[in-house]
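Below is one structure; the comments refer to it alone.
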Amino acid sequence: MESVLSKYENQITIFADYLEEFPDTDELVWILGKQHLLKTEKSKLLSDISARLWFTYRRKFSPIGGTGPSSDAGWGCMLRCGQMMLAQALICRHLGRDWKWEKQKEQPKEYQQILQCFLDRKDCCYSIHQMAQMGVGEGKSIGEWFGPNTVAQVLKKLALFDEWNSLAVYVSMDNTVVIEDIKKMCRTLSLSADIPAERPLESLTASTQSKGPSACCTAWKPLLLIVPLRLGINQINPVYVDAFKECFKMPQSLGALGGKPNNAYYFIGFLGDELIFLDPHTTQTFVDTEENGTVDDQTFHCLQPPQRMNILNLDPSVALGFFCKEEKDFDSWCSLVQKEILKENLRMFELVQKHPSHWPPFVPPAKPEVTTTGAEFIDSTEQLEEFDLEEDFEILSI
């Protein structure tokens, strides 16, 4: 068993040529919507990268499903990349994009809460346990490798039960982002005490008509927007390179999920024609909450220089991520897409105002009452802690 784990721990050596220091150049480096001048801001750049939460393979966690694997080495890399993208969205939501992490420095309580969402325990809302079991409903057996679209669908489902972060997750379909659908999903009503809050705008029209304009006001549910794409057949089509890089410049950028067949990476920026990425292919030991309720976060930040790969070596199956905390952020993103992405003759994806008439009607996702997946649906993070997902999975497996 140890030799198998060592094999995956050493998988990083395949890309040893990407581990060299950043070159001495006047070029700009873009990291998740922020630019750094490499020649004069190298330490600032490395600090920005190390602040990103880094999720890797882990071992010695409780078996998934009670009798399943206790390590995700060899199969969980795309799940870990999905966790990294989501974690960046949560950092932007609670702490802001400019938040800095420093080793062994006390962090805001929200940071610890974010970290605890991803611990490798069945009662954590975005744990490897939750993601792997929710993947059963997407046709993936536990221990099977996920693609970018599958992990996006899993995150969309799990977010329905995460009341603390209260994200709206939109995964585009057929390379098309529909503005009308996103606004329908994200616009909620902040209401007076006698009306439940955060119900969809349309459902409350009748109930608020008699109460006048002071009864409610429109609020925006923070948006995690994921755009799965196929940018070529067997390799990325060079025609998409400039548009792909442009996405990392957007202030709303959460980077991209992708990599090579069966090797997923979390891409966070670029330098020239090289993509900069965090690599989950290192196996570390499971870390749990300490007695004081905090998590030792030293293994959740990558302190090594980040890896790089030529963009043309990227597998064409990717998923772009964006975070829009407020409606104005989404409107700004739409303007940037119109200006930078839709100007290309061969567009990377489409942005349309109205829901296509030939598509099924758009229904904002809601928590299902009955589960048909490998994971039991949960009403909140608190209920998740009390519910035995493992027993449920064993029943469904019989």
Side-chain angles (χ1 to χ4, degrees), residues 28-38 40-56 80-119 124-126 155 159 162-169 220-226 247-257 266-270 276-278 280 287 289-290 292-306 320-330 332-333 381:
L28 284 173
V29 179
W30 285 91
I31 302 290
L32 301 173
K34 296 284 183 183
Q35 65 178 22
H36 300 275
L37 186 59
L38 192 53
T40 58
E41 300 178 328
K42 196 169 186 178
S43 61
K44 185 180 171 187
L45 165 65
L46 293 173
S47 173
D48 190 23
I49 293 169
S50 66
R52 304 312 114 216
L53 282 172
W54 179 48
F55 298 121
T56 70
R80 297 302 185 179
C81 291
Q83 287 179 327
M84 286 189 264
M85 177 179 279
L86 176 58
Q88 179 59 23
L90 300 186
I91 284 173
C92 290
R93 187 202 186 313
H94 295 287
L95 304 174
R97 172 62 183 88
D98 293 328
W99 168 80
K100 301 296 181 198
W101 175 82
E102 291 180 40
K103 192 175 181 180
Q104 294 178 331
K105 181 182 176 184
E106 186 175 349
Q107 299 295 340
K109 66 176 180 10
E110 291 88 355
Y111 167 77
Q112 280 288 331
Q113 286 178 272
I114 291 168
L115 198 50
Q116 290 182 28
C117 290
F118 298 94
L119 295 183
C124 296
C125 53
Y126 300 113
L155 291 177
D162 176 15
E163 294 182 355
W164 175 58
N165 292 300
S166 188
L167 290 182
V169 181
W220 177 266
K221 200 169 186 179
L223 170 67
L224 168 56
L225 168 58
I226 305 178
C247 291
F248 292 97
K249 297 181 181 180
M250 297 178 179
Q252 302 84 359
S253 174
L254 294 177
L257 308 177
Y266 176 41
F267 295 96
I268 57 173
F270 72 92
I276 298 168
F277 64 93
L278 296 178
V287 172
T289 309
E290 297 181 342
N292 63 2
T294 65
V295 178
D296 183 350
D297 66 351
Q298 300 306 301
T299 63
F300 292 99
H301 293 272
C302 185
L303 302 180
Q304 305 295 326
L320 296 166
F322 304 94
F323 177 70
C324 303
K325 185 174 183 178
E326 299 177 12
E327 186 168 7
K328 66 181 181 181
D329 299 323
F330 177 63
S332 171
W333 179 83
T381 304

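Because the structure is predicted, anything quoted here is derived from the model rather than measured.
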Report task. Spell out, as yes or no, whether a donor-acceptor pair under 3.5 Å connects the side chain of Q116 to the backbone of G293. Result -> yes

Query - Note, S253 side chain near I31 side chain (heavy atom, < 4.5 Å) - result: no

Query raised in the report: What distance do D98 atom CG and C92 atom SG have between them, rounded to the nearest 0.5 Å?
Result: 9.0 Å

Requested in this report: With side-chain contact (heavy atoms from CB on, under 4.5 Å) as the test, would you mind laying out the steps for V169 and L86 before giving the verdict?
Outcome: CA-CA 10 Å; V169 181; L86 176 58; 5.9 Å; no

Report summary line: ring-ring contact (aromatic ring centres under 6.0 Å, His included) filter on F118, not counting sequence neighbours, yields F55, Y126

Query - Positive for side-chain contact (heavy atoms from CB on, under 4.5 Å) with M85, one of L320, L155, L257, I268 - result: L257

Query raised in the report: Where the side chain of Q112 meets the backbone of V295, is there a donor-acceptor pair that is under 3.5 Å apart?
Result: yes

Query raised in the report: Is it the case that D329 and W220 place a side-chain donor and acceptor less than 3.5 Å from each other?
Result: no

Requested in this report: Please report the closest heavy-atom contact between L46 and P306, naming both atoms and the distance.
Outcome: CD2-CD, 3.9 Å

Report task. Please examine the side chains of W30 and Q35, heavy atoms only from C-beta on, and report whether any two atoms are closer than 4.5 Å. Result -> yes

Query raised in the report: Do E327 and L223 have side chains that get closer than 4.5 Å, going by heavy atoms?
Result: no

Query raised in the report: How many angstroms lie between CH2 in W164 and SG in C117, if you round to the nearest 0.5 Å?
Result: 5.5 Å

Query raised in the report: Between R97 and D48, is there a side-chain N and carboxylate O pair less than 4.0 Å apart?
Result: yes

Report task. Look up atom CZ in F267 and atom CD1 in I276, then write down how far apart they are to the nearest 0.5 Å. Result -> 11.0 Å

Report task. Check whether any side-chain heavy atom of I49 lies under 4.5 Å from a side-chain heavy atom of W54, and answer yes or no. Result -> no

Query raised in the report: So do F322 and C247 actually touch side chain to side chain, heavy atoms under 4.5 Å?
Result: yes

Requested in this report: Spell out, as yes or no, whether a donor-acceptor pair under 3.5 Å connects the side chain of D296 to the backbone of Q298.
Outcome: yes

Report summary line: Heavy atoms of F248 and G255 approach each other most closely as CE2-CA, 3.7 Å

Query raised in the report: Do the side chains of L38 and L28 get nearer than 4.5 Å, heavy atoms only?
Result: no

Query raised in the report: Tell me, do P280 and Y266 make a side-chain contact under 4.5 Å, heavy atoms counted?
Result: no

Requested in this report: Any chance you could measure L225, atom CG, to L167, atom CG, to the nearest 0.5 Å?
Outcome: 12.0 Å

Report task. Give a yes or no on whether E290 atom CD has more than 12 heavy-atom contacts from other residues, nucleotides or ligands under 6.0 Å away. Result -> yes

Requested in this report: Keeping the roles fixed (side chain from H36, backbone from V29), state whether a donor-acceptor pair exists under 3.5 Å.
Outcome: no

Report task. Hey, could you give me the CZ/SG distance between R52 and C302, rounded to the nearest 0.5 Å? Result -> 12.5 Å

Query raised in the report: Does the K325 side chain pair with the main chain of R93, one donor and one acceptor, at a distance under 3.5 Å?
Result: yes

Query raised in the report: Does a side-chain heavy-atom distance below 4.5 Å link W333 with M250?
Result: yes

Query raised in the report: If you round to the nearest 0.5 Å, how far is SG of C124 from CG of D162?
Result: 11.5 Å

Query raised in the report: What are the two closest heavy atoms between P108 and W99, and how far apart are they?
Result: CD-NE1, 4.0 Å

Query raised in the report: Nearest heavy-atom pair of K100 and Q107: which atoms, and what distance?
Result: O-OE1, 3.9 Å

